[in-house]
Amino acid sequence: MTIQKVLLRYEPEKKNILPAIKAVNEDSGWVSEEAVGKIARYFGVSEAHVFGVASFYDEINTKNLAQLIIEVCDSANCQTKNADKIIKSVESFFRIKEGDSNRKFSLKRMSCVGRCLEGPVIRLNGTIYTKTTSDKAIKLIQEYLGLDY
Ligand code: FES
């Protein structure tokens, strides 16, 4: 679910800030900087205020605790080389949705990292892999997680 959809469940009143932060945390597995910004704008408060509330509670994660952060470049060159197909394959194989995060995975798009000629490019926990196919991405992710599918 998108952050916006989660927020729309709450009236934009100050008393709903904490419940909304908790809902975003539950839905995404954590409260990202992007989420803090969206929550702040929705409730008309500062990002510092939202972050202050979020970081006060132990049960709210302000850091991504996923074991593996999967990023797929979606800038022009990688797009023309089937970046979307890689995202769909990873979503389907590991039953995760783009933008979601849980304890095992976080899957998201990233901007160009300057390896355009070697695309499509993915990044797994900060390590860049080039000339990726759907099969290669799935195999790399399995290796990272020590999974035997
Ligand atoms: S477009 Fe993907 S690395 Fe540049």
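As the structure is a computational prediction, the values presented were derived from the model and not from experiment. In each ligand, atom 1 is the first atom listed, and ligand 1 is the first ligand listed.
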Original post:
With respect to Ile39, which candidate in Val45, Val6, Leu7 satisfies the side-chain contact (heavy atoms from CB on, under 4.5 Å) definition?
Top reply: Leu7
**OP:** Would you mind listing which atoms of ligand 1 come within a distance below 4.0 Å of any non-hydrogen atom of Cys116?
**Re:** 1 (S), 3 (S), 4 (Fe)
Original post:
Is there a donor-acceptor contact under 3.5 Å from the side chain of Asp74 to the main chain of Ala83?
Top reply: no
**OP:** Between Cys73 and ligand 1, find which residue part has any heavy-atom pair under 4.0 Å and reply side chain, backbone, both or neither.
**Re:** side chain
**OP:** Spell out, as yes or no, whether a donor-acceptor pair under 3.5 Å connects the side chain of Asn16 to the backbone of Glu11.
**Re:** yes
**OP:** With heavy atoms of Cys78 as the reference, note each atom of ligand 1 found under 4.0 Å away.
**Re:** 1 (S), 2 (Fe), 3 (S)
**OP:** Output yes when a side-chain donor or acceptor of Lys136 lies under 3.5 Å from a complementary backbone atom of Thr130, and no otherwise.
**Re:** yes
Original post:
Considering only heavy atoms of Asn77, which atoms of ligand 1 have at least one such atom less than 4.0 Å away?
Top reply: 1 (S)
Subject >> Arg115: numbered ligand 1 atoms lying under 4.0 Å from its heavy atoms >> reply: 3 (S)
Original post:
Quick one: do Lys108 and Glu98 make a salt bridge, cutoff under 4.0 Å?
Top reply: no
